[in-house]
Amino acid sequence: MRSLTRSDGRPPKWLNGLRRKANALCALLYVAGLIYLACIVWPSFNDRTYFSENALLPGLVDDEFVHRERTNTFAKQLREVVQTRYGKEYGMPHDWLLEQLESIGLEAYAQNFTAFLPGISGAVEGTNIFAVMRAARAPSVESIVVAVPFRSNTLGSIGLALSLASFCREQIYWSKDLIFVFTEHETIGMQAWLSAYHRLPISSLKADPLAAHGGAIQAALALEATDGSTPFSNVDIRYNMINGQLPNLDLVNLLVKMTEKEALVPTLYMQEDPHGQDLYTEKGYWKLAKTSFKGIVAQAFSRADSGLHSVFGAYGVQAVTISPYGKGRTKSQGGWVDIGRLLEGGLRSVNNLLEKFHQSFFFYFLPSTHRYVSIGVFMPAIGLLMGPVLIKALCVWLDLNDEGESSADGDAKAKKETKSESALAVLPLITKSESALAVLPLIVIAHSCGALLYFLPYLLFNAQASISTNDQQLFQAIATIAITLPICPWIIQRNLADKDFGVPSMVVLRVVALLELALIVGVTAVLNFGIAVLVAIFVAPISTITIPFRSKIGWALNSMALVLLHPLVACCVALGVYTALTVPVPPTPSWLAQRAFEQTVDVTVGFIRDSLVYQSHLYAFFTLALFPIWMMFWTIVHHRSE
């Protein structure tokens, strides 16, 4: 701290220069951060993917899966059984699946589960079917999972999984257990199975104990192919998991390699890569930028509905979902056998592993299937974008120090007191301490309001047995509290007459809010780069200009900006913009507003459900971290000094 002060207690010259040029420097750093983000997408600034784990040996064996007729037979029989028993309701034929798995020679079992979800009256009940194929060349120490959801349009995928299971049963080279899981209610069933497998109970999800276990799960491959998408031309690889977790990059590279081996085109977010000379053209750049942006948004707001793989991250399991689809008549076309070979190659490569995935990257984003941006490359963008917040906090604190020194010197001259120079240097600290203590109730109230928003769904969820609620009612309760809570600091200011909530107190509150924002974004960037960079881009510039304006125009503009940054309003606006850009026909304003509101309800309730069932941290991040900071800035803007 000596570099920030001189012997007389005043800041050095370089710090005074920083304060004079603070606004220009903040704007420069912010623009530099945006330019840096745009540049690292260009191939010259990132790297080509490669395999760090040599034991995978991807694509070096001849694929042997050729059971086209067997696959079609399983799918046809399953479709007939489902239509005969359930008609158009498409219930899951548990006994038929158990019978087929046992006839193959696997240990087949059923697991019942019951999920209690907020916004849904009653419980969601279901049954998972799973089978264990013991390793022939090693004890049951490690295992690989193949997961398929049961839906009306995934019967072909289930038929392929059964055919693949029968093929794997005939081979003798497996050194890891293979576990085939067929889930009901998709990710809810997958979460029930995983929680029982790892013996980690979840209060809102009651699952029966598993009758059999395999070894520690090294990797999981989920298959989601719709029946009407054949012949396949592309394979979409989904890798974003809940809470921004990503699988080891080697696993993603493995699936890309095996897809290309089967003469299919791997894609990310249904977006094909630019190839050849197009990679370094403007058209190729926009493709890379589009894929990167989709990846950042998907990581930031990844939910359980993105695929079965999304719930494996909480258990330390590397998982990827492959979703084959067709794009009409193309040069590359394949069927169920090609997807079976893809899965076979992936299973055999993971079977070669001698230890867990650990050598490649866990923190990255992908501009294309063959290029990656590692954490060492994208983290400087956070520093550039959040640098203005730290600089503004430092300058505001030093300005408060100067105000304290000026007032202290004036009082000393008026009273004609002869005090030492060192005593004068202590007076600003006393002033700032008094301001900090005066503003402490506002800080506590802001964070208490965030805690109330966080725990409100749990209180409503516990009372749901006696009070029937739906999605609309749950959202109305959350929205009502979130909109009315910002008046709490105003009430505190008006009722605590003994506290001096003057301009110095608001300056201290601003410093606290800026530092807390920088700290939260910096920490979050290590865990979830997507949500951290989005907060830095949209929240950081407005936070640096938030002050208690005396002019009505400045107050109105700042209030409008903060209203748009309210978590619920920002969500609604973002969904409305996305809908307007994606619908083929220009929508009417009324339809667009109604659609945005409905999507906001779905997203908000979805965040709450993910928090209760899948241990997602998104709802906690918005309520416990961002909302209190927003309330502090809202209090600053609407402060009126007497």
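Model, not experiment: these values are computed from the prediction. Excluded from the calculations below are hydrogen atoms, water molecules and symmetry mates; all remaining heavy atoms, backbone and side chain alike, are included.
Applying the side-chain contact (heavy atoms from CB on, under 4.5 Å) test to Lys290 and every residue at least two apart in sequence or in another chain returns Gln271, Lys294. Residues passing the ring-ring contact (aromatic ring centres under 6.0 Å, His included) test with Phe597, sequence neighbours excluded: Phe475. By the side chain to side chain donor-acceptor pair (under 3.5 Å) test, His447 pairs with Glu516, sequence neighbours left out. Thr321 meets the side-chain contact (heavy atoms from CB on, under 4.5 Å) test with Ala222, Glu224, Arg238, His309; sequence neighbours excluded. The side-chain contact (heavy atoms from CB on, under 4.5 Å) check on Val523 picks up Leu519, with sequence neighbours excluded. In this structure Ala298 satisfies the side-chain contact (heavy atoms from CB on, under 4.5 Å) test together with Asn240, Tyr269, sequence neighbours excluded.
Rounded to the nearest 0.5 Å, atoms CG (Asn243) and CG (Leu618) are 6.5 Å apart. A distance of 14.0 Å separates CZ of Phe622 from OH of Tyr454, quoted to the nearest 0.5 Å. Taking CG of Leu575 as the start and OG1 of Thr600 as the end, the distance is 5.0 Å to the nearest 0.5 Å. To the nearest 0.5 Å, atoms CG (Leu562) and OG1 (Thr635) are separated by 10.0 Å. Taking OG1 of Thr544 as the reference point, atom CZ of Arg510 lies at 7.5 Å (rounded to 0.5 Å). Considering OG1 of Thr187 and CZ of Arg609, their distance stands at 11.0 Å, rounded to 0.5 Å.
Side chains of Arg303 and Ser310 form no contact here, defined as non-hydrogen atoms less than 4.5 Å apart. Under the 4.5 Å side-chain criterion, counting only non-hydrogen atoms from C-beta, Val377 is in contact with Ser374. Under the 4.5 Å side-chain criterion, counting only non-hydrogen atoms from C-beta, Leu29 is in contact with Ile391. Using a 4.5 Å cut-off on side-chain heavy atoms (C-beta onward), Thr291 and Pro367 make no contact.
Within a 6.0 Å sphere centred on CZ of Phe362, heavy atoms belonging to other residues, nucleotides or ligands number more than 12. Other residues, nucleotides and ligands contribute over 12 non-hydrogen atoms within 6.0 Å of the CH2 atom of Trp591.
Note: Phe365 and Phe529 have parallel aromatic rings, judged against thresholds of 30 and 60 degrees for the angle between ring planes. Ring geometry for Phe301 against Phe607 counts as parallel: the plane angle stays under 30°, on a 0 to 90° scale with 60° as the upper cut.
Aromatic rings from Phe361 and Tyr372 are positioned such that their centres are separated by under 6.0 Å.
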Task: side chain to side chain contact (heavy atoms under 4.5 Å, CB included) between Leu37 and Ile537, worked out - done: CA-CA 11 Å; Leu37 278 176; Ile537 290 174; 4.0 Å; yes
Task: Verdict with supporting geometry, Tyr239 and Tyr364, side chain to side chain contact (heavy atoms under 4.5 Å, CB included) - done: CA-CA 11 Å; Tyr239 60 92; Tyr364 56 87; 4.1 Å; yes
TODO: Determine, step by step, whether Val603 and Cys571 satisfy the side chain to side chain contact (heavy atoms under 4.5 Å, CB included) criterion, reporting the C-alpha distance in whole Å, the side-chain angles of both residues, the deciding distance to 0.1 Å, and the verdict.
DONE: CA-CA 8 Å; Val603 170; Cys571 179; 4.0 Å; yes
Task: Pair Val41-Phe293, side chain to side chain contact (heavy atoms under 4.5 Å, CB included): steps then yes or no - done: CA-CA 10 Å; Val41 177; Phe293 178 75; over 6 Å; no
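Proximity of a side-chain donor or acceptor of Arg371 to a complementary backbone N or O of Asn46 within less than 3.5 Å is detected. Within the 3.5 Å criterion, the main-chain N or O of Gly576 finds no donor-acceptor partner in the side chain of Gln599. For Thr524 (side chain) and Val521 (main-chain N/O), no donor-acceptor pair under 3.5 Å exists by modelled atom type.
Checked against His566 for a ring-ring contact (aromatic ring centres under 6.0 Å, His included), the options Trp630, Phe633, Trp634 give a single hit: Trp630.
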